[in-house]
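Nothing here was measured: the structure is a model prediction, and the numbers come from that model. Lettering of chains follows the sequences in order, A, B, ..., and the numbering in each one begins at 1.
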Amino acid sequence: MDTETTSLNEMVAELAGISLATAPNVACYIPVGHKSSPTADLFGGDALAADQLPLQEVLDALKPVLEADDIQKIGQNIKYDWKVLARHGIEVAPFDDTMLMSYALHGGLHNHGMDELSERYLGHVPIPIKELIGTGKSQVTFDRVPIERATPYAAEDADVTLRLWLTFRPRLHQVKVTTVYETLERPMVPVLAHMEMAGVKVDRDTLSRMSGAFAQKMAALEAEVQEMAGRPFNLGSPKQLGELLFDEMKLPGGVKGKTGAYGTDVNVLEDLATEHPLPGKVLDWRQVSKLKSTYTDALQNAINAETGRVHTSYSIAGANTGRLASTDPNLQNIPVRTEEGRRIREAFVAPEGKVLVSLDYSQIELRLLAHMADLPELKEAFREGQDIHAITASEMFGVPLDQMTSELRRRAKAINFGIIYGISGFGLARNLRIPKDQAQQFIDRYFVKFPGIKAYMDSVIQGAKQRGYVQTLFGRRIHTPEINAKGPGAAFARRAAINAPIQGTAADIIRRAMIRMDPAIEGLPAKMLLQVHDELLFEVERGAEEELIARARKVMVAAPDPAVKLNVPLVVEAGCGRTWAEAH
DNA sequence: CATCTCACG
DNA sequence: ACGTACGTGAGATGC
């Protein structure tokens with residue numbers, strides 16, 4: 001099955017039609033929302049548009065089929081269709097999703113869009129949507145496509161979906177990723193659909209006030225910078241900035257990239273700030289500019305007119321590691337690291353009588369590293385609830401815990417994160433701003449003090465080279481096609497291969513928690529709204545927050561069970577408040 | 001549409 | 001010798 005609509009955004013999309021396929025090359029299209037097209041004359045008129053079945057009649061007829069326990073429905077990216085139909089009172093079940101089947105089978109190998117899958121696995125190039133709706137300014141919505149042109153396109157989508165299912169279904173078993181698909185992918189569809197449809201309340205007035213303040217601050221900074229520069233220029237143009245700094249002002253250290261433009265990113269400007277006050281002011285301007293354009297302005301536009309809330313969309317098969325990705329808008333990168341940025345979260349609010357509750361896994365990736373690489377000192381430290389970076393520093397630098405300095409701890413923390421990222425001397429050196437050979441000494445020392453690390457990394461890489469993929473603790477496969485390549489591609493692939501099982505296992509764990517969450521909080525006046533990789537955000541009626549925290553924490557802590565027995569504890573921190581800033 | 005920059009975990 | 005920290009999405013510029 002497939003739906004055709006007027007928008008990629010399911011929250012505003014209107015149904016244009018529904019297609020169904022029952023066997024290969026047997027498919028139909030049921031138009032329900034086509035209007036007369038602007039190009040009707042070119043294609044012989046819209047005689048058919050007047051003959052469409054009434055939308056409600058079609059939905060009433062299909063609902064028993066789409067909800068029948070004994071009729072399997074198949075979609076490609078079915079969360080989309082599920083949400084569109086849910087807005088019309090239909091909860092599609094049971095279902096399979098060929099996009100998610102492909103993700104379980106081929107994660108890391110290629111993307112999982114229908115056109116790509118059709119070409120790869122069926123040897124068939126589907127009709128491009130652009131041939132129907134056009135591109136750019138002249139693009140029209142699907143309901144303006146004449147029915148006689150829409151029909152072959154739409155029916156083909158259902159047909160291709162069915163044929164992909166016939167291809168993938170036996171392979172899931174052969175390749176032994178059925179459990180991954182059935183326990184980590186498919187169940188995410190209704191869970192995420194509910195979260196996305198719930199949305200999160202965002203206070204327009206708060207954002208609007210902030211935008212005004214940011215505009216003033218930007219104008220003041222711009223005036224200061226241009227005064228220092230001695231002439232006006234576009235602060236938002238890295239090209240103009242680079243020419244000003246390095247050609248005109250002759251500041252040292254200008255490095256041109258492969259496109260011939262000077263680099264002017266935060267690292268470059270921070271270094272230059274010791275030479276001249278201008279680069280620091282540019283950094284201040286950039287921070288405010290980013291907050292205004294990407295957050296306070298864009299989020300206002302994302303507020304849904306009907307619900308007054310912001311509805312993100314999560315892609316289940318977007319990230320190679322099993323993480324979700326959030327789009328339209330991205331609510332997984334709302335600022336938090338700086339005081340000024342964190343204030344954006346004051347605009348994410350609970351409605352009257354409710355509060356927001358945030359629960360997040362504490363250091364989940366490091367805990368998983370300790371488990372997976374079998375690091376006794378770190379496992380013990382986590383069991384004892386000790387400061388993991390201080391322990392690392394103590395081991396590495398031979399300094400007793402009671403004499404630990406913040407600098408040594410900071411270095412150990414950077415190394416711990418570096419290990420998770422597939423460390424390199426260069427990367428650590430850049431992060432810590434120390435010479436590369438010193439960074440390499442740190443890494444060597446880490447490997448001596450924690451021999452499990454080296455053994456773990458070697459075994460992951462060896463497995464990737466042999467099998468072409470790495471695995472999470474729950475059996476998710478992430479393919480590493482570049483691992484045996486020659487050149488820099490192999491180094492990338494090696495680091496990605498070391499990171500993927502750790503990041504991916506953390507992703508699996510929070511997925512398991514999310515899938516179990518709805519039944520666990522049933523009866524509570526609470527809704528799960530957002531996921532930010534290691535955090536879940538809920539909205540709950542005031543007074544029920546403690547019960548929610550207790551139940552949600554229990555689910556999150558126990559999420560690996562019974563599939564995996566971790567030999568480190570998982571710890572979940574919780575907070576609540578009127579805004580996301582307070583809850584986090 | 002590519003590139004640069006920067007927001008998050 | 002060479003280029004590198006892992007995983008994302010989005011806005012602004014400029015070709």
A:L324 CG to B:dC8 C1', straight-line distance once rounded to whole Å: 14 Å
Candidate nucleotides C:dC6, C:dA5, C:dT8, ranked by approach to the side chain of A:N431 - the nearest: C:dA5
Salt-bridge contact A:E339-A:R343 (side-chain N to carboxylate O under 4.0 Å): no
Within residues 437-463 of chain A: residues closer than 4.0 Å to DNA chain B (heavy atoms): none
Passing option when A:E539 is tested against A:R309, A:K201, A:R578, A:K527 for salt bridge (Lys or Arg N to Asp or Glu O under 4.0 Å): A:R309
Helical stems, DNA chain C - three or more consecutive Watson-Crick or G-U wobble pairs below 3.5 Å: B:1-9 with C:6-14
Annotated protein contacts, base or backbone, on nucleotides 10-15 of chain C with a non-hydrogen cut-off under 4.0 Å, one of B, S, - each: SSSSSS
Charged N-O contact under 4.0 Å between A:E346 and A:R209: no
Approximate separation, where rounding is to 0.5 Å, of A:L192 CG and A:K83 NZ: 9.0 Å
Under-3.5 Å donor-acceptor pair between A:R430 side chain and C:dG3 base: no
Span that lies between the P atom of B:dC6 and that of C:dC2, in whole angstrom: 28 Å
Presence of donor-acceptor pair under 3.5 Å, side chain of A:R495 and base of C:dT4: yes
Atom pair distance, as rounded to whole Å: NZ in A:K258 and P in C:dC2: 15 Å
